[in-house]
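Below: one structure, written as structure tokens.
Remember, predicted model here, so these are calculated numbers, not experimental data.
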Amino acid sequence: MALTQISSNKCCEGFQKVFEHDSTELKCRMRFGIYLPPKAESGRCPVMYWLSGLTCTEQNFISKAGSQQAAAEHGIIIVVPDTSPRGCNIEGEDESWDFGTGAGFYINATEDPWKTNYRMYSYITEELPRLINANFPVDPERMSISGHSMGGHGALIIALKNPGKYKTVSAFAPICNPMQCPWGQKAFTGYLGPDKSKWEEYDATILVKSYSGPQLDILIDQGRDDQFLAAGQLLPDNFISASTERKIPLVFRLQQGYDHSYYFVFSYMNDHIKHHAKYLNA
């Protein structure tokens, strides 16, 4: 599959690049960012996939998270996809900030008119890794996943639905129980329809209750002053209870004074990369 390089900038002795390609899953042109640490010049490196939140493109993480220095230090490639298909000319795709463009929710839609293009789950778990493995010096056996908000939801469900595929998972302020919050209910109704058994396939709090794969150590950071925590959109307590019940290792840190923004992500990004490096470089 042909890749078109959009940009390349030297950063922390490695390179931050952005590429574009035609996606077979999403049936549109897609962009992703990739940070190649210095170690990638001489051998294969582990890879961490980062999933961003509502309204984001690949640029939010690249420019705001400050991930490159720690990625260079630990020799980790970081891949940052977009958050939804773009420009599919679906009626209504640009009407809401929390549904349609920029709000793919990392699921495979089953309802018209979304089901043809909105297949972010398969794109992230199948098509994009094949593309990355074929074109960059990654070790496909050493892969992990992380994300923020809607992307934290995506990271959790993808790790839980693919036991053993990802060495570890972490999240910042994830949407932990989308079936029970307004964001999730809006997205799931639109993409998946009224059958809530379909919703359960993409809800981390439901999925963790039946997880039976290899040990998966989860790290979650949540800002105490997050406006969306107060609004009942994130519901981490539900996920904590379900994980505790199943004895799934979970470190949950409530960080005083932090909100939902990338200032929060930037502040703890190094901790998360160290967490991933512990498993990716083991």
Side-chain angles (χ1 to χ4, degrees), residues 23-28 30-33 47-58 60-61 78-86 88 90 93 96-111 114-132 143-163 165-166 168-181 183-193 198-208 211 216 218 220 228 233-235 239 265:
S23 168
T24 53
E25 283 287 355
L26 309 180
K27 297 176 176 57
C28 66
M30 289 295 286
R31 288 189 177 187
F32 64 87
V47 58
M48 183 184 98
Y49 286 82
W50 171 270
L51 307 182
S52 295
L54 290 164
T55 76
C56 290
T57 68
E58 77 288 342
N60 297 75
F61 180 83
I78 300 183
V79 176
V80 188
D82 202 347
T83 55
S84 78
R86 301 266 169 185
C88 297
I90 299 172
E93 69 181 342
S96 303
W97 67 273
D98 56 357
F99 183 79
T101 301
F105 268 83
Y106 304 104
I107 66 178
N108 285 344
T110 57
E111 297 294 297
W114 311 99
K115 65 184 182 182
T116 299
N117 304 97
Y118 278 69
R119 296 180 51 79
M120 288 298 291
Y121 177 82
S122 289
Y123 176 72
I124 298 297
T125 59
E126 297 173 22
E127 182 180 3
L128 187 58
R130 282 198 303 269
L131 189 66
I132 298 299
M143 181 166 63
S144 68
I145 194 161
S146 184
H148 172 232
S149 192
M150 176 185 73
H153 142 78
L156 291 174
I157 64 164
I158 285 170
L160 291 167
K161 285 169 72 67
N162 294 275
K165 185 171 184 175
Y166 300 89
T168 190
V169 59
S170 73
F172 291 83
I175 303 170
C176 290
N177 196 182
M179 292 183 69
Q180 302 297 330
C181 78
W183 278 342
Q185 290 164 354
K186 178 177 180 178
F188 285 9
T189 298
Y191 294 137
L192 302 173
K198 293 182 182 178
W199 298 17
E200 292 179 352
E201 297 176 28
Y202 298 107
D203 187 307
T205 296
I206 302 298
L207 291 170
V208 78
Y211 180 79
L216 185 66
I218 303 170
I220 295 176
F228 298 116
Q233 294 281 22
L234 307 178
L235 305 174
F239 185 73
V265 175

Partners of Thr116 by side chain to side chain donor-acceptor pair (under 3.5 Å), sequence neighbours excluded? none
Is the backbone of Glu201 close enough, under 3.5 Å, to the side chain of Lys161 for a donor and an acceptor to pair up by distance? yes
Could you please spell out the steps behind the side-chain contact (heavy atoms from CB on, under 4.5 Å) verdict for Asn60 and Thr83? CA-CA 11 Å; Asn60 297 75; Thr83 55; over 6 Å; no
Hits for ring-ring contact (aromatic ring centres under 6.0 Å, His included) against Tyr118, two or more places apart or cross-chain, chain-then-number order -> Trp114, Tyr191
I'd like a table of donor-acceptor pairs (distance under 3.5 Å, sequence neighbours excluded) in which one partner is a side-chain atom from residues 148-157, with atom names and distances.
{"unit_1": "His148", "atom_1": "NE2", "unit_2": "His260", "atom_2": "O", "d": "2.9"}
{"unit_1": "Ser149", "atom_1": "OG", "unit_2": "His260", "atom_2": "NE2", "d": "2.8"}
{"unit_1": "His153", "atom_1": "NE2", "unit_2": "Phe105", "atom_2": "O", "d": "2.9"}

Check the pair Asp82 / Arg31 against side-chain contact (heavy atoms from CB on, under 4.5 Å), numbers first and verdict last. CA-CA 6 Å; Asp82 202 347; Arg31 288 189 177 187; 5.5 Å; no
Are any of the side-chain heavy atoms of Leu234 and Trp183 separated by less than 4.5 Å? yes
Just to verify, what does Phe61 make a ring-ring contact (aromatic ring centres under 6.0 Å, His included) with, not counting sequence neighbours? Trp50
Output all residues satisfying ring-ring contact (aromatic ring centres under 6.0 Å, His included) with Tyr106, sequence neighbours left out; order by chain, then residue number. none
Side-chain donor-acceptor pairs under 3.5 Å in residues 168-175, sequence neighbours left out?
{"unit_1": "Thr168", "atom_1": "OG1", "unit_2": "Asp217", "atom_2": "O", "d": "2.7"}
{"unit_1": "Thr168", "atom_1": "OG1", "unit_2": "His275", "atom_2": "NE2", "d": "2.8"}
{"unit_1": "Ser170", "atom_1": "OG", "unit_2": "Ser146", "atom_2": "OG", "d": "2.8"}
{"unit_1": "Ser170", "atom_1": "OG", "unit_2": "His272", "atom_2": "ND1", "d": "2.9"}
{"unit_1": "Ser170", "atom_1": "OG", "unit_2": "His276", "atom_2": "NE2", "d": "2.8"}

Do Thr205 and Leu235 pass the side-chain contact (heavy atoms from CB on, under 4.5 Å) test, and can you show the C-alpha distance, the side-chain angles, and the key distance before you say yes or no? CA-CA 9 Å; Thr205 296; Leu235 305 174; over 6 Å; no
With a 4.5 Å cut-off on side-chain heavy atoms, are Phe188 and Ile107 touching? yes
May I have the step-by-step check of side chain to side chain donor-acceptor pair (under 3.5 Å) for Ser96 and Lys186, ending in yes or no? CA-CA 11 Å; Ser96 303; Lys186 178 177 180 178; 3.2 Å; yes
Quick check: does any side chain N or O of Glu93 sit under 3.5 Å from a backbone N or O of Ile90, one acting as donor and the other as acceptor? yes
Verify, without hydrogens or angle tests, whether Glu200 (side chain) and Ile206 (backbone) share a donor-acceptor contact under 3.5 angstrom. no
I'd like to know if the side chain of Lys165 and the backbone of Thr125 have a donor-acceptor N/O pair within less than 3.5 Å. yes
Under 3.5 Å: donor-acceptor pair, side chain of Asp98, backbone of Leu54: no
When you compare the side chain of Arg119 with that of Lys27, does any pair of heavy atoms fall below 4.5 Å? no
